[in-house]
Amino acid sequence: MSTADTLPDDILSEILSLVLHVPDAKFATLVSSFERSDVPTVISPFLTRSQSSSAYLLVSKSWLYVGTSLLYNTVVLRSKAQAQALAATLTTNPDLGRFIKKLRVEGGFENLMHTILALSRNITDIFVTLDLARTDNPRGLCSGFPLIHPVRVIVDSPDSVPRVAEEFFEVIKACVLTWGQTVQFETSLLFAVEGTMSHVLNRAPCLHSLVLWNKYEARRIPSTIEKITKNPAVQSIRFVQGVYSAKQGYDQDFERVLYDLFKEKPRLLDLMNLSDERAVVAPQHTTPFVYPAQLLADASLEDAIWSRILSFAFQRNMSDVGQNHLRVALLTVSRMFKRLGIPNLYRNVQLSSESSARLFASRLEQYPALGCYIRTIIFRFRSGNTIAIDFDKIVLYAPSLVELNADTCEPISWDSFRRLGDAAGTILRFCRGLEVSANNEMANAGFFALFSQLETLHLRSKGRFWTDPTTIPNEAFPLLANLTIDGSDASFLDTLACMELPSIRNLNLVLTSPRALNRSTFLKKHGLKLQQLAVSRLQMDYASTIWHHCPLLESLCILCTEAVRNT
(Lines give C-alpha, C1' and ligand atoms only; values in the text may rest on other atoms or scores of the structure.)
Protein backbone atom coordinates (compact mmCIF):
# COMPACT_ATOMS: atom_id res chain seq x y z
CA MET A 1 0.00 0.00 0.00
CA SER A 2 1.43 3.40 -0.99
CA THR A 3 1.69 6.38 1.36
CA ALA A 4 -0.98 8.22 -0.64
CA ASP A 5 -3.48 5.42 0.07
CA THR A 6 -3.04 5.87 3.83
CA LEU A 7 -3.82 9.59 3.83
CA PRO A 8 -7.17 10.72 5.27
CA ASP A 9 -9.74 11.67 2.63
CA ASP A 10 -9.76 15.35 3.59
CA ILE A 11 -5.98 15.66 3.19
CA LEU A 12 -6.01 13.72 -0.08
CA SER A 13 -8.80 16.01 -1.29
CA GLU A 14 -6.65 19.07 -0.60
CA ILE A 15 -3.77 17.52 -2.55
CA LEU A 16 -5.87 16.52 -5.57
CA SER A 17 -7.61 19.89 -5.66
CA LEU A 18 -4.26 21.45 -6.61
CA VAL A 19 -4.38 19.68 -9.98
CA LEU A 20 -8.14 19.25 -10.49
CA HIS A 21 -9.36 22.69 -9.41
CA VAL A 22 -10.23 25.13 -12.20
CA PRO A 23 -9.66 28.78 -11.14
CA ASP A 24 -12.86 30.79 -11.23
CA ALA A 25 -11.20 33.66 -13.11
CA LYS A 26 -10.30 31.25 -15.90
CA PHE A 27 -13.74 29.64 -15.87
CA ALA A 28 -15.51 33.01 -16.23
CA THR A 29 -13.28 34.63 -18.86
CA LEU A 30 -15.22 35.69 -21.94
CA VAL A 31 -13.78 34.45 -25.22
CA SER A 32 -14.87 37.67 -26.92
CA SER A 33 -12.71 39.66 -24.52
CA PHE A 34 -9.63 38.51 -26.44
CA GLU A 35 -8.81 40.66 -29.42
CA ARG A 36 -5.92 41.36 -31.77
CA SER A 37 -5.82 44.61 -33.66
CA ASP A 38 -9.41 45.36 -34.69
CA VAL A 39 -10.41 41.79 -35.50
CA PRO A 40 -12.10 39.64 -32.84
CA THR A 41 -10.29 36.32 -32.44
CA VAL A 42 -11.92 33.33 -30.76
CA ILE A 43 -9.30 32.27 -28.20
CA SER A 44 -10.46 30.16 -25.29
CA PRO A 45 -8.43 30.26 -22.07
CA PHE A 46 -8.75 26.46 -22.12
CA LEU A 47 -7.12 26.18 -25.55
CA THR A 48 -4.05 24.35 -24.24
CA ARG A 49 -2.74 20.85 -24.65
CA SER A 50 -2.47 18.91 -21.43
CA GLN A 51 -2.96 15.40 -20.13
CA SER A 52 -6.53 14.53 -19.22
CA SER A 53 -7.26 15.32 -15.59
CA SER A 54 -9.11 12.01 -15.29
CA ALA A 55 -5.73 10.24 -15.36
CA TYR A 56 -5.25 11.13 -11.69
CA LEU A 57 -8.30 9.02 -10.79
CA LEU A 58 -6.59 5.90 -12.14
CA VAL A 59 -3.85 5.91 -9.49
CA SER A 60 -5.83 3.97 -6.88
CA LYS A 61 -9.32 3.35 -5.56
CA SER A 62 -8.93 6.00 -2.88
CA TRP A 63 -7.86 8.58 -5.48
CA LEU A 64 -10.87 7.61 -7.59
CA TYR A 65 -13.22 7.91 -4.61
CA VAL A 66 -11.92 11.31 -3.49
CA GLY A 67 -11.11 12.77 -6.90
CA THR A 68 -14.39 12.03 -8.71
CA SER A 69 -16.29 14.88 -7.07
CA LEU A 70 -13.36 17.24 -7.66
CA LEU A 71 -13.08 16.26 -11.34
CA TYR A 72 -16.77 16.80 -12.04
CA ASN A 73 -17.12 19.95 -9.91
CA THR A 74 -16.12 22.16 -12.86
CA VAL A 75 -16.75 20.83 -16.37
CA VAL A 76 -15.53 22.57 -19.53
CA LEU A 77 -16.93 21.50 -22.92
CA ARG A 78 -15.03 22.80 -25.92
CA SER A 79 -15.89 20.23 -28.58
CA LYS A 80 -18.72 18.01 -29.67
CA ALA A 81 -16.62 14.94 -28.82
CA GLN A 82 -16.32 16.12 -25.22
CA ALA A 83 -20.07 16.73 -25.06
CA GLN A 84 -20.75 13.25 -26.45
CA ALA A 85 -18.44 11.67 -23.86
CA LEU A 86 -20.06 13.55 -20.97
CA ALA A 87 -23.59 12.79 -22.16
CA ALA A 88 -22.76 9.09 -22.48
CA THR A 89 -21.13 9.04 -19.02
CA LEU A 90 -24.09 10.74 -17.33
CA THR A 91 -26.54 8.47 -19.12
CA THR A 92 -24.67 5.40 -17.90
CA ASN A 93 -24.08 6.77 -14.41
CA PRO A 94 -26.61 9.54 -13.65
CA ASP A 95 -25.35 9.86 -10.07
CA LEU A 96 -22.24 11.67 -11.37
CA GLY A 97 -24.42 14.59 -12.45
CA ARG A 98 -24.91 15.69 -8.85
CA PHE A 99 -21.21 16.58 -8.62
CA ILE A 100 -21.36 19.13 -11.47
CA LYS A 101 -21.56 22.59 -9.95
CA LYS A 102 -19.95 24.73 -12.68
CA LEU A 103 -20.45 24.10 -16.41
CA ARG A 104 -18.72 26.01 -19.21
CA VAL A 105 -20.14 25.35 -22.70
CA GLU A 106 -18.16 26.80 -25.64
CA GLY A 107 -20.55 25.72 -28.37
CA GLY A 108 -24.08 24.55 -29.17
CA PHE A 109 -23.53 20.77 -29.38
CA GLU A 110 -27.07 20.04 -30.62
CA ASN A 111 -29.26 17.67 -28.56
CA LEU A 112 -26.35 16.50 -26.41
CA MET A 113 -26.73 19.53 -24.14
CA HIS A 114 -30.32 18.62 -23.29
CA THR A 115 -29.11 15.28 -21.91
CA ILE A 116 -26.30 16.92 -19.95
CA LEU A 117 -28.43 19.68 -18.44
CA ALA A 118 -31.28 17.30 -17.61
CA LEU A 119 -28.86 15.12 -15.60
CA SER A 120 -26.99 18.00 -13.92
CA ARG A 121 -29.62 19.66 -11.77
CA ASN A 122 -27.11 20.95 -9.13
CA ILE A 123 -25.44 23.47 -11.45
CA THR A 124 -24.82 26.80 -9.70
CA ASP A 125 -22.58 28.50 -12.30
CA ILE A 126 -23.06 28.17 -16.05
CA PHE A 127 -21.14 29.73 -18.94
CA VAL A 128 -22.65 29.73 -22.44
CA THR A 129 -21.75 31.45 -25.68
CA LEU A 130 -23.82 32.96 -28.45
CA ASP A 131 -20.83 33.16 -30.78
CA LEU A 132 -21.76 29.96 -32.62
CA ALA A 133 -20.73 28.64 -36.01
CA ARG A 134 -23.41 28.36 -38.69
CA THR A 135 -23.47 24.57 -38.41
CA ASP A 136 -23.58 24.53 -34.61
CA ASN A 137 -27.21 24.01 -33.59
CA PRO A 138 -28.03 24.97 -29.97
CA ARG A 139 -31.41 23.21 -29.81
CA GLY A 140 -30.26 21.11 -26.83
CA LEU A 141 -29.37 24.26 -24.93
CA CYS A 142 -32.74 25.78 -25.81
CA SER A 143 -34.67 22.85 -24.38
CA GLY A 144 -32.31 22.13 -21.47
CA PHE A 145 -31.68 25.66 -20.17
CA PRO A 146 -35.05 25.97 -18.38
CA LEU A 147 -34.35 22.69 -16.54
CA ILE A 148 -31.60 24.18 -14.37
CA HIS A 149 -31.69 26.95 -11.77
CA PRO A 150 -28.22 28.51 -11.58
CA VAL A 151 -27.12 31.21 -9.18
CA ARG A 152 -24.63 32.70 -11.62
CA VAL A 153 -25.05 33.01 -15.39
CA ILE A 154 -22.24 34.04 -17.75
CA VAL A 155 -23.16 34.79 -21.37
CA ASP A 156 -20.42 35.32 -23.95
CA SER A 157 -21.59 37.11 -27.06
CA PRO A 158 -20.15 38.94 -30.05
CA ASP A 159 -21.23 42.53 -30.69
CA SER A 160 -24.26 41.21 -32.60
CA VAL A 161 -26.04 37.89 -32.02
CA PRO A 162 -25.66 35.56 -35.05
CA ARG A 163 -28.82 34.15 -36.61
CA VAL A 164 -28.07 30.57 -35.51
CA ALA A 165 -28.14 31.71 -31.87
CA GLU A 166 -31.24 33.90 -31.97
CA GLU A 167 -33.56 31.22 -30.58
CA PHE A 168 -31.16 30.49 -27.74
CA PHE A 169 -30.92 34.25 -27.07
CA GLU A 170 -34.70 34.36 -26.56
CA VAL A 171 -34.51 31.37 -24.22
CA ILE A 172 -31.85 33.12 -22.12
CA LYS A 173 -34.00 36.22 -21.75
CA ALA A 174 -37.02 34.15 -20.77
CA CYS A 175 -35.04 32.16 -18.18
CA VAL A 176 -33.53 35.28 -16.58
CA LEU A 177 -37.05 36.55 -15.95
CA THR A 178 -38.34 33.28 -14.51
CA TRP A 179 -35.39 31.89 -12.58
CA GLY A 180 -35.97 32.47 -8.89
CA GLN A 181 -32.39 32.36 -7.61
CA THR A 182 -30.14 33.91 -10.27
CA VAL A 183 -28.08 36.32 -8.21
CA GLN A 184 -25.29 37.26 -10.63
CA PHE A 185 -25.28 37.85 -14.37
CA GLU A 186 -22.05 38.34 -16.33
CA THR A 187 -21.72 39.31 -19.97
CA SER A 188 -20.12 41.82 -22.31
CA LEU A 189 -21.17 45.44 -21.93
CA LEU A 190 -22.54 45.82 -25.46
CA PHE A 191 -24.69 42.71 -25.09
CA ALA A 192 -26.12 43.88 -21.77
CA VAL A 193 -27.19 47.26 -23.09
CA GLU A 194 -28.70 45.82 -26.24
CA GLY A 195 -32.29 47.04 -26.34
CA THR A 196 -34.21 43.92 -25.36
CA MET A 197 -31.51 42.55 -23.04
CA SER A 198 -31.27 45.71 -20.95
CA HIS A 199 -35.06 45.60 -20.64
CA VAL A 200 -34.87 42.03 -19.35
CA LEU A 201 -32.12 42.84 -16.84
CA ASN A 202 -34.20 45.78 -15.65
CA ARG A 203 -37.04 43.38 -14.74
CA ALA A 204 -35.04 40.37 -13.44
CA PRO A 205 -36.50 39.79 -9.94
CA CYS A 206 -33.47 38.19 -8.27
CA LEU A 207 -30.59 39.96 -10.04
CA HIS A 208 -28.33 41.31 -7.29
CA SER A 209 -25.00 41.65 -9.09
CA LEU A 210 -24.07 42.56 -12.65
CA VAL A 211 -20.56 42.04 -14.08
CA LEU A 212 -19.91 43.70 -17.44
CA TRP A 213 -16.86 43.01 -19.57
CA ASN A 214 -15.87 46.21 -21.38
CA LYS A 215 -13.71 45.59 -24.46
CA TYR A 216 -13.07 49.25 -25.06
CA GLU A 217 -12.16 52.36 -23.09
CA ALA A 218 -14.40 53.54 -20.27
CA ARG A 219 -15.65 56.60 -22.19
CA ARG A 220 -17.49 54.31 -24.64
CA ILE A 221 -19.76 52.93 -21.91
CA PRO A 222 -23.27 53.66 -23.24
CA SER A 223 -25.60 55.77 -21.22
CA THR A 224 -28.30 53.13 -21.64
CA ILE A 225 -26.69 51.32 -18.72
CA GLU A 226 -28.96 53.52 -16.58
CA LYS A 227 -31.93 51.37 -17.64
CA ILE A 228 -30.53 48.44 -15.69
CA THR A 229 -29.90 50.51 -12.57
CA LYS A 230 -33.63 51.12 -12.25
CA ASN A 231 -34.05 47.50 -11.18
CA PRO A 232 -34.46 47.75 -7.37
CA ALA A 233 -33.01 44.25 -6.90
CA VAL A 234 -29.60 45.24 -8.35
CA GLN A 235 -27.11 45.93 -5.57
CA SER A 236 -23.79 46.18 -7.44
CA ILE A 237 -22.36 46.68 -10.92
CA ARG A 238 -18.77 45.83 -11.69
CA PHE A 239 -16.87 46.60 -14.88
CA VAL A 240 -14.06 44.32 -16.07
CA GLN A 241 -11.62 45.58 -18.67
CA GLY A 242 -11.10 43.25 -21.61
CA VAL A 243 -7.67 41.92 -22.48
CA TYR A 244 -7.45 44.02 -25.62
CA SER A 245 -8.17 47.34 -23.93
CA ALA A 246 -5.75 46.54 -21.12
CA LYS A 247 -2.97 45.72 -23.61
CA GLN A 248 -3.64 48.94 -25.51
CA GLY A 249 -3.22 50.93 -22.30
CA TYR A 250 -6.69 52.49 -22.38
CA ASP A 251 -7.91 54.11 -19.19
CA GLN A 252 -4.98 53.52 -16.85
CA ASP A 253 -7.11 55.24 -14.21
CA PHE A 254 -10.29 53.34 -15.06
CA GLU A 255 -12.19 54.26 -11.89
CA ARG A 256 -11.31 57.94 -12.27
CA VAL A 257 -12.87 57.96 -15.73
CA LEU A 258 -15.98 56.12 -14.52
CA TYR A 259 -16.43 58.64 -11.72
CA ASP A 260 -16.18 61.56 -14.12
CA LEU A 261 -18.74 59.96 -16.41
CA PHE A 262 -21.32 59.25 -13.71
CA LYS A 263 -20.62 61.81 -10.97
CA GLU A 264 -24.05 63.26 -11.55
CA LYS A 265 -25.66 59.82 -11.19
CA PRO A 266 -25.56 58.92 -7.45
CA ARG A 267 -27.38 55.62 -7.98
CA LEU A 268 -24.74 54.45 -10.47
CA LEU A 269 -21.87 55.60 -8.26
CA ASP A 270 -23.35 53.70 -5.35
CA LEU A 271 -23.81 50.51 -7.38
CA MET A 272 -20.23 50.74 -8.67
CA ASN A 273 -18.95 51.55 -5.17
CA LEU A 274 -17.27 54.71 -6.43
CA SER A 275 -16.52 57.86 -4.49
CA ASP A 276 -14.48 60.96 -5.18
CA GLU A 277 -11.70 59.82 -2.80
CA ARG A 278 -11.55 56.33 -4.26
CA ALA A 279 -11.47 57.72 -7.80
CA VAL A 280 -8.57 60.06 -7.03
CA VAL A 281 -6.42 57.55 -5.18
CA ALA A 282 -5.23 54.65 -7.30
CA PRO A 283 -6.41 51.31 -5.94
CA GLN A 284 -3.79 49.49 -3.91
CA HIS A 285 -2.88 45.90 -4.64
CA THR A 286 -3.43 44.29 -1.28
CA THR A 287 -3.02 40.72 -0.24
CA PRO A 288 -6.12 38.89 1.01
CA PHE A 289 -4.06 37.40 3.85
CA VAL A 290 -4.87 38.76 7.31
CA TYR A 291 -2.51 37.90 10.14
CA PRO A 292 -4.53 35.91 12.71
CA ALA A 293 -5.48 37.94 15.76
CA GLN A 294 -4.93 34.90 17.98
CA LEU A 295 -1.22 34.91 17.14
CA LEU A 296 -0.90 38.62 17.87
CA ALA A 297 -2.47 38.05 21.27
CA ASP A 298 -0.54 34.90 22.23
CA ALA A 299 3.23 35.09 21.72
CA SER A 300 3.84 31.48 22.77
CA LEU A 301 1.26 30.19 20.28
CA GLU A 302 2.78 32.40 17.57
CA ASP A 303 6.25 31.00 18.27
CA ALA A 304 4.98 27.41 18.27
CA ILE A 305 3.24 27.73 14.90
CA TRP A 306 6.05 29.58 13.12
CA SER A 307 8.62 27.20 14.59
CA ARG A 308 6.65 24.29 13.16
CA ILE A 309 6.45 25.97 9.75
CA LEU A 310 10.20 26.62 9.74
CA SER A 311 10.93 23.05 10.77
CA PHE A 312 9.16 21.82 7.62
CA ALA A 313 11.14 24.31 5.52
CA PHE A 314 14.46 23.12 6.92
CA GLN A 315 13.59 19.42 6.69
CA ARG A 316 12.74 19.72 2.98
CA ASN A 317 16.21 21.05 2.19
CA MET A 318 18.49 19.14 4.54
CA SER A 319 22.03 19.42 3.18
CA ASP A 320 25.44 20.45 4.51
CA VAL A 321 24.92 22.86 7.39
CA GLY A 322 27.88 24.93 6.30
CA GLN A 323 26.99 25.18 2.61
CA ASN A 324 23.21 25.49 2.43
CA HIS A 325 22.74 29.19 1.77
CA LEU A 326 19.01 28.78 1.14
CA ARG A 327 18.41 27.56 4.70
CA VAL A 328 20.54 30.33 6.14
CA ALA A 329 18.69 32.91 4.02
CA LEU A 330 15.47 32.09 5.90
CA LEU A 331 17.08 33.41 9.07
CA THR A 332 17.43 36.87 7.51
CA VAL A 333 13.68 37.35 6.92
CA SER A 334 13.05 38.81 10.36
CA ARG A 335 14.28 38.71 13.93
CA MET A 336 11.56 36.23 14.80
CA PHE A 337 12.61 33.92 11.94
CA LYS A 338 16.21 34.09 13.16
CA ARG A 339 15.23 33.37 16.76
CA LEU A 340 12.97 30.45 15.83
CA GLY A 341 14.98 29.26 12.83
CA ILE A 342 18.37 28.73 14.50
CA PRO A 343 17.16 25.73 16.57
CA ASN A 344 15.76 24.16 13.39
CA LEU A 345 18.92 24.94 11.39
CA TYR A 346 21.09 23.05 13.88
CA ARG A 347 18.61 20.30 14.72
CA ASN A 348 19.80 17.99 11.93
CA VAL A 349 23.46 18.49 10.96
CA GLN A 350 25.06 17.01 7.86
CA LEU A 351 28.80 17.34 7.31
CA SER A 352 29.84 16.48 3.77
CA SER A 353 33.50 17.47 3.83
CA GLU A 354 36.44 17.76 6.19
CA SER A 355 36.38 21.54 5.87
CA SER A 356 32.72 21.58 6.89
CA ALA A 357 33.54 19.50 9.97
CA ARG A 358 36.35 21.86 10.95
CA LEU A 359 34.16 24.93 10.37
CA PHE A 360 31.29 23.44 12.34
CA ALA A 361 33.56 22.44 15.23
CA SER A 362 35.00 25.95 15.30
CA ARG A 363 31.51 27.45 15.33
CA LEU A 364 30.51 25.30 18.30
CA GLU A 365 33.65 26.36 20.18
CA GLN A 366 32.80 30.01 19.53
CA TYR A 367 29.05 29.61 20.29
CA PRO A 368 28.68 26.60 22.64
CA ALA A 369 24.95 27.30 23.16
CA LEU A 370 24.25 26.18 19.58
CA GLY A 371 25.13 22.61 20.51
CA CYS A 372 22.05 22.18 22.68
CA TYR A 373 19.88 22.32 19.52
CA ILE A 374 21.63 19.39 17.81
CA ARG A 375 19.59 16.18 17.62
CA THR A 376 21.17 14.43 14.62
CA ILE A 377 24.72 14.45 13.21
CA ILE A 378 25.56 12.72 9.93
CA PHE A 379 29.14 12.43 8.63
CA ARG A 380 29.20 11.92 4.86
CA PHE A 381 32.88 11.95 3.99
CA ARG A 382 36.24 10.30 4.51
CA SER A 383 39.01 12.48 5.83
CA GLY A 384 42.53 12.53 7.16
CA ASN A 385 43.81 12.29 10.72
CA THR A 386 42.06 15.44 11.91
CA ILE A 387 38.63 13.86 12.03
CA ALA A 388 39.08 12.42 15.53
CA ILE A 389 39.92 15.88 16.85
CA ASP A 390 36.91 17.45 15.11
CA PHE A 391 34.71 14.57 16.27
CA ASP A 392 35.67 15.20 19.89
CA LYS A 393 35.00 18.94 19.56
CA ILE A 394 31.62 18.39 17.94
CA VAL A 395 30.24 15.77 20.35
CA LEU A 396 31.57 17.71 23.33
CA TYR A 397 29.07 20.49 22.53
CA ALA A 398 26.10 18.23 21.63
CA PRO A 399 24.53 17.19 24.94
CA SER A 400 21.10 16.60 23.34
CA LEU A 401 22.33 14.34 20.52
CA VAL A 402 19.78 11.63 19.72
CA GLU A 403 21.19 10.10 16.52
CA LEU A 404 24.75 9.78 15.21
CA ASN A 405 25.53 8.38 11.78
CA ALA A 406 29.28 8.17 11.18
CA ASP A 407 29.42 5.45 8.56
CA THR A 408 31.95 7.38 6.46
CA CYS A 409 33.89 8.76 9.41
CA GLU A 410 37.55 7.90 9.97
CA PRO A 411 38.31 5.64 12.99
CA ILE A 412 38.12 7.17 16.45
CA SER A 413 39.65 5.96 19.70
CA TRP A 414 37.87 4.38 22.64
CA ASP A 415 38.61 7.61 24.53
CA SER A 416 36.58 9.51 21.91
CA PHE A 417 33.77 6.98 22.30
CA ARG A 418 33.89 7.58 26.07
CA ARG A 419 33.69 11.34 25.52
CA LEU A 420 30.58 10.75 23.39
CA GLY A 421 29.06 8.97 26.40
CA ASP A 422 30.06 11.78 28.76
CA ALA A 423 28.43 14.38 26.50
CA ALA A 424 25.24 12.69 25.28
CA GLY A 425 25.09 9.17 26.73
CA THR A 426 21.85 9.80 28.62
CA ILE A 427 20.15 11.07 25.43
CA LEU A 428 21.73 9.17 22.51
CA ARG A 429 19.40 6.49 21.07
CA PHE A 430 20.95 5.59 17.70
CA CYS A 431 24.67 5.26 16.98
CA ARG A 432 25.54 3.89 13.55
CA GLY A 433 28.75 3.34 11.62
CA LEU A 434 31.33 4.32 14.22
CA GLU A 435 34.71 2.71 13.65
CA VAL A 436 36.85 2.39 16.77
CA SER A 437 40.57 1.72 16.51
CA ALA A 438 41.96 0.01 19.58
CA ASN A 439 45.46 0.59 20.93
CA ASN A 440 47.59 -1.69 23.03
CA GLU A 441 46.54 -0.04 26.28
CA MET A 442 43.92 -1.61 28.55
CA ALA A 443 40.61 0.26 28.49
CA ASN A 444 38.24 0.81 31.38
CA ALA A 445 34.86 -0.56 30.25
CA GLY A 446 32.99 1.39 32.91
CA PHE A 447 32.07 4.15 30.43
CA PHE A 448 29.63 1.81 28.66
CA ALA A 449 27.24 2.47 31.54
CA LEU A 450 26.96 6.05 30.31
CA PHE A 451 24.81 4.97 27.34
CA SER A 452 21.58 4.45 29.27
CA GLN A 453 19.19 5.25 26.35
CA LEU A 454 21.01 3.63 23.42
CA GLU A 455 18.68 1.41 21.34
CA THR A 456 20.76 0.81 18.18
CA LEU A 457 24.54 0.38 18.02
CA HIS A 458 26.54 -0.34 14.87
CA LEU A 459 30.21 -0.57 15.70
CA ARG A 460 33.22 -1.42 13.57
CA SER A 461 36.23 -2.32 15.71
CA LYS A 462 39.85 -2.73 14.71
CA GLY A 463 42.10 -4.75 16.95
CA ARG A 464 41.43 -6.40 20.27
CA PHE A 465 39.45 -4.67 22.99
CA TRP A 466 41.51 -5.02 26.15
CA THR A 467 39.77 -4.46 29.47
CA ASP A 468 39.75 -5.56 33.07
CA PRO A 469 36.67 -7.80 33.54
CA THR A 470 36.07 -6.22 36.95
CA THR A 471 35.43 -2.83 35.26
CA ILE A 472 32.64 -4.12 33.01
CA PRO A 473 29.30 -2.68 34.22
CA ASN A 474 26.64 -5.35 34.50
CA GLU A 475 23.79 -2.86 33.88
CA ALA A 476 25.25 -1.15 30.78
CA PHE A 477 23.14 -0.70 27.61
CA PRO A 478 19.78 -1.43 29.31
CA LEU A 479 17.73 -0.44 26.23
CA LEU A 480 20.00 -1.82 23.51
CA ALA A 481 17.80 -3.81 21.08
CA ASN A 482 19.75 -3.75 17.78
CA LEU A 483 23.46 -4.56 17.75
CA THR A 484 25.83 -4.77 14.78
CA ILE A 485 29.46 -5.73 15.28
CA ASP A 486 31.94 -5.65 12.42
CA GLY A 487 35.46 -6.54 13.48
CA SER A 488 38.49 -8.76 13.36
CA ASP A 489 37.76 -10.70 16.55
CA ALA A 490 35.15 -11.28 19.21
CA SER A 491 36.83 -9.47 22.10
CA PHE A 492 34.22 -6.69 22.25
CA LEU A 493 31.50 -9.33 21.93
CA ASP A 494 32.93 -11.10 24.97
CA THR A 495 32.81 -7.82 26.88
CA LEU A 496 29.09 -7.51 26.06
CA ALA A 497 28.59 -11.07 27.27
CA CYS A 498 29.39 -9.83 30.77
CA MET A 499 26.41 -7.47 30.68
CA GLU A 500 22.73 -8.25 31.16
CA LEU A 501 21.46 -6.54 27.95
CA PRO A 502 17.78 -7.16 28.84
CA SER A 503 16.45 -5.58 25.62
CA ILE A 504 18.69 -7.23 23.01
CA ARG A 505 16.65 -8.74 20.15
CA ASN A 506 18.57 -8.29 16.90
CA LEU A 507 22.23 -9.12 16.30
CA ASN A 508 24.34 -8.66 13.13
CA LEU A 509 27.85 -10.09 13.20
CA VAL A 510 30.60 -9.78 10.59
CA LEU A 511 33.63 -11.42 12.14
CA THR A 512 36.69 -12.33 10.12
CA SER A 513 37.65 -15.28 12.31
CA PRO A 514 35.66 -18.46 11.52
CA ARG A 515 35.80 -19.60 15.15
CA ALA A 516 35.09 -16.23 16.75
CA LEU A 517 31.39 -16.82 17.37
CA ASN A 518 31.94 -20.39 18.55
CA ARG A 519 34.54 -19.30 21.09
CA SER A 520 32.56 -16.31 22.35
CA THR A 521 30.25 -16.63 25.34
CA PHE A 522 27.82 -14.02 23.93
CA LEU A 523 25.28 -16.48 22.49
CA LYS A 524 25.44 -18.60 25.61
CA LYS A 525 24.51 -15.52 27.69
CA HIS A 526 22.06 -13.73 25.38
CA GLY A 527 21.02 -16.24 22.69
CA LEU A 528 17.70 -16.99 24.36
CA LYS A 529 16.63 -13.34 23.88
CA LEU A 530 17.53 -13.08 20.20
CA GLN A 531 14.77 -12.99 17.57
CA GLN A 532 16.82 -12.01 14.51
CA LEU A 533 20.40 -12.98 13.77
CA ALA A 534 22.64 -12.16 10.82
CA VAL A 535 26.10 -13.74 10.61
CA SER A 536 28.83 -13.92 7.99
CA ARG A 537 29.14 -17.14 6.02
CA LEU A 538 32.37 -17.91 7.86
CA GLN A 539 30.46 -18.48 11.10
CA MET A 540 28.16 -21.11 9.61
CA ASP A 541 30.81 -23.79 10.09
CA TYR A 542 29.63 -23.78 13.68
CA ALA A 543 25.94 -23.47 13.03
CA SER A 544 25.14 -25.95 15.80
CA THR A 545 26.17 -23.28 18.31
CA ILE A 546 23.47 -20.99 16.93
CA TRP A 547 20.73 -23.66 17.01
CA HIS A 548 21.67 -24.65 20.55
CA HIS A 549 21.77 -21.20 22.14
CA CYS A 550 19.11 -19.37 20.08
CA PRO A 551 15.93 -21.49 20.20
CA LEU A 552 13.57 -18.47 19.74
CA LEU A 553 15.09 -17.17 16.52
CA GLU A 554 12.51 -15.96 14.00
CA SER A 555 14.99 -14.96 11.30
CA LEU A 556 18.51 -16.08 10.38
CA CYS A 557 20.38 -14.18 7.67
CA ILE A 558 23.69 -15.34 6.20
CA LEU A 559 25.83 -12.45 4.97
CA CYS A 560 27.86 -13.38 1.91
CA THR A 561 29.89 -10.17 1.84
CA GLU A 562 32.42 -8.87 4.26
CA ALA A 563 30.57 -5.57 4.72
CA VAL A 564 27.30 -5.08 6.56
CA ARG A 565 24.67 -2.44 6.05
CA ASN A 566 23.39 -0.24 8.85
CA THR A 567 20.46 -1.72 10.74
Side-chain angles (χ1 to χ4, degrees), residues 1-6 376 378-379 402-409 417 425 428-436 445 448 451-462 464-465 472-567:
M1 180 179 290
S2 65
T3 304
D5 288 331
T6 63
T376 303
I378 301 176
F379 291 88
V402 175
E403 181 175 357
L404 174 65
N405 190 332
D407 191 54
T408 61
C409 183
F417 192 70
L428 188 66
R429 295 175 56 197
F430 309 99
C431 182
R432 301 183 178 94
L434 267 184
E435 184 172 345
V436 183
F448 290 132
F451 297 91
S452 59
Q453 300 299 314
L454 195 63
E455 300 175 14
T456 297
L457 175 62
H458 176 193
L459 204 63
R460 301 195 304 266
S461 61
K462 289 187 176 181
R464 185 171 180 81
F465 179 74
I472 301 175
N474 183 58
E475 71 284 358
F477 300 125
L479 301 181
L480 185 63
N482 308 295
L483 175 64
T484 299
I485 302 296
D486 182 357
S488 57
D489 59 51
S491 56
F492 181 65
L493 203 60
D494 291 335
T495 301
L496 295 175
C498 298
M499 306 174 187
E500 290 299 324
L501 302 183
S503 302
I504 192 70
R505 296 295 182 270
N506 306 316
L507 176 65
N508 289 355
L509 293 176
V510 181
L511 304 176
T512 56
S513 172
R515 298 184 179 182
L517 186 61
N518 186 53
R519 293 175 178 175
S520 175
T521 58
F522 184 89
L523 290 185
K524 183 177 180 180
K525 178 68 177 289
H526 302 298
L528 191 62
K529 290 174 282 189
L530 294 179
Q531 297 176 352
Q532 298 183 19
L533 177 63
V535 296
S536 60
R537 56 184 177 82
L538 298 175
Q539 310 304 317
M540 292 309 296
D541 292 340
Y542 300 91
S544 59
T545 302
I546 298 174
W547 311 135
H548 180 70
H549 294 298
C550 308
L552 301 181
L553 271 185
E554 298 175 358
S555 172
L556 175 62
C557 178
I558 302 173
L559 304 173
C560 298
T561 60
E562 297 302 321
V564 62
R565 300 286 183 184
N566 291 351
T567 58

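Bear in mind that the values here come from a model prediction, so they are computed numbers and not experimental data.
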Just so I know, are the side chains of [X] and [Y] near enough to count as touching, which here means a heavy-atom distance under 4.5 Å?
X    : Y    : answer
C431 : L457 : yes
F430 : N405 : no
L454 : F448 : no
I485 : F522 : no

Please give me the minimum heavy-atom distance between [X] and [Y], naming the atom from each residue.
X    : Y    : answer
L496 : H526 : O-NE2, 3.2 Å
A445 : P473 : O-CD, 3.2 Å
R537 : I558 : CA-CG2, 3.9 Å
T484 : H458 : CG2-CD2, 3.2 Å
T521 : D494 : N-OD1, 3.6 Å
F417 : F451 : O-CZ, 3.5 Å

Under the 3.5 angstrom rule, does the side chain of [X] hit a backbone N or O of [Y] as a donor-acceptor pair?
X    : Y    : answer
K525 : M499 : yes
R505 : Q532 : no
S536 : L559 : no

How long is the straight-line distance from [atom2] of [Y] back to [atom1] of [X], given to the nearest 0.5 Å?
X    : Y    : atom1 : atom2 : value
L530 : L483 : CG    : CG    : 9.0 Å
C557 : L507 : SG    : CG    : 12.0 Å
K524 : T545 : NZ    : OG1   : 11.5 Å
I504 : Q531 : CD1   : CD    : 10.5 Å
L553 : S555 : CG    : OG    : 8.0 Å
N508 : L533 : CG    : CG    : 7.5 Å

Next on the checklist: I need the single residue from L428, L479, V402 that forms a side-chain contact (heavy atoms from CB on, under 4.5 Å) with Q453. Which is it?
Outcome noted: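 When L428, L479, V402 are each tested with Q453, the side-chain contact (heavy atoms from CB on, under 4.5 Å) holds only for L479.
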